[in-house]
Number of protein chains: 2
Amino acid sequence: MATKKKTRETCEVLCEHPATVRLAKKELIPARQAQQAAELFKVLGDATRVKMLQILAKKELCVCDIAAVIEMSQSAVSHQLRVLRGARLVKYRRDGKMAWYSINDNHVAALLRQGVVHVRHK
Amino acid sequence: MATKKKTRETCEVLCEHPATVRLAKKELIPARQAQQAAELFKVLGDATRVKMLQILAKKELCVCDIAAVIEMSQSAVSHQLRVLRGARLVKYRRDGKMAWYSINDNHVAALLRQGVVHVRHK
DNA sequence: ACTACATATGAGCAGATGTTCATGTATCTT
DNA sequence: AAGATACATGAACATCTGCTCATATGTAGT
């Protein structure tokens, strides 16, 4: 019985290469940075938002026009714009009833473009 | 009664700028490309996978070492490696009992790095 | 052949995500 | 002031995600 449970009792650490692990741990990105990068990518990880960002990278548009272009409801678009705003990927200005959105910086557009290029070449 | 429901009945298309919409639609990325790009970003959109890719970009590692470095269970790591394999972001080779993983191409590493740089500068 | 080891995978579950529907808020028109 | 318009938001819902736990698969050593 004692011999049978050996695997679990001795712990899972058996095949590790300590030197390699130690080195890799040093080179590992800080947890917070990983989390923030992941959150950025997560926002880009939705086809609706990709489309929105892609057209907003070309031109400033109002909510209604965004909805018309990507063929989604105004509500859905508005919800997603909130996500994009939260991630600071877009900026907006109000002009009376309308809200005009555009991409926040070229960095974002570049990242997006690079992703698109990657899937094209695959 | 008929007047009251006007908003819904006439449809949501009232504020659109037809010329702008038509132009933006032409410039809109094809749906499949948007979907594929989103799927790529979605894979990058998880802190565990970001960490894994980041260390695999520096060095080829076996599953057990990856688990030790990022401090997650072997099972969790294995599941995520499956996702990364599915997206062709990593490659692997077997050597006896061990499986050695590394990043698939520099493209992926560059994309990752760009994301990290973006959150650092924010 | 038997046991230990390294990795892969299926089931199950809690939490996150993206849409719709209904409604709220602010602005414009009359 | 009242209604219409443009947008935002809360609730509800179905679906997806990422983990754990248990177990399966394949390899090596004895």
Query raised in the report: Where the side chain of A:D46 meets the backbone of A:R49, is there a donor-acceptor pair that is under 3.5 Å apart?
Result: yes

Query - Whether A:R22 side chain and A:K25 backbone form a donor-acceptor pair below 3.5 Å - result: no

Query raised in the report: A:H79 stacking on C:dT19: centroids under 5.5 Å, ring planes under 30°?
Result: no

Straight-line distance of [X] [atom1] to [Y] [atom2], nearest 0.5 Å:
{"X": "A:Q74", "Y": "A:L81", "atom1": "CD", "atom2": "CG", "answer": "9.5 Å"}
{"X": "B:L89", "Y": "B:H107", "atom1": "CG", "atom2": "NE2", "answer": "12.0 Å"}
{"X": "A:D65", "Y": "A:I55", "atom1": "CG", "atom2": "CD1", "answer": "8.5 Å"}

Requested in this report: Look at the side chain of A:S75 against the base of C:dC21 and say whether a donor-acceptor pair falls under 3.5 Å; ignore hydrogens and angles.
Outcome: yes

Query raised in the report: How do A:V83 and B:D65 order along DNA chain C: which one's closest nucleotide is nearer the 5' end?
Result: B:D65

Are [X] and [N] close enough that a side-chain N or O sits under 4.0 Å from OP1 or OP2?
{"X": "A:Q74", "N": "D:dT5", "result": "no"}
{"X": "B:S73", "N": "D:dT20", "result": "yes"}
{"X": "A:R85", "N": "D:dA8", "result": "yes"}

Figure out the [atom1]/[atom2] separation between [X] and [N], and round it to whole Å.
{"X": "A:R82", "N": "C:dT19", "atom1": "CZ", "atom2": "C1'", "result": "15 Å"}
{"X": "A:M72", "N": "D:dC7", "atom1": "CE", "atom2": "P", "result": "17 Å"}
{"X": "A:L81", "N": "D:dC7", "atom1": "CG", "atom2": "P", "result": "10 Å"}
{"X": "B:E16", "N": "D:dT5", "atom1": "CD", "atom2": "P", "result": "14 Å"}

Report task. Would you sort out whether B:L40 and B:L111 count as a side-chain contact (heavy atoms from CB on, under 4.5 Å), showing the intermediate values? Result -> CA-CA 10 Å; B:L40 167 62; B:L111 200 57; 3.7 Å; yes

Query - Close residues, residues 87-105 of chain B, relative to DNA chain D [heavy-atom separation under 4.0 Å] - result: B:G96, B:K97

Query - Close approaches to DNA chain D from residues 33-60 of chain A, in residue order (heavy atom, under 4.0 Å) - result: none

Query raised in the report: Heavy-atom count around A:R85 CZ within 6.0 Å, excluding the residue itself: above 12?
Result: yes

Side-chain donor/acceptor pairs under 3.5 Å, residues 57-64 of chain B, sequence neighbours excluded:
unit_1	atom_1	unit_2	atom_2	d
B:E60	OE1	B:R93	NH2	2.9
B:E60	OE2	B:R93	NE	2.8

Query raised in the report: Linking I/L/V/M/F/W/Y whenever their side-chain heavy atoms sit closer than 4.5 Å, directly or via other members, would B:M98 and B:L56 fall into one cluster?
Result: no

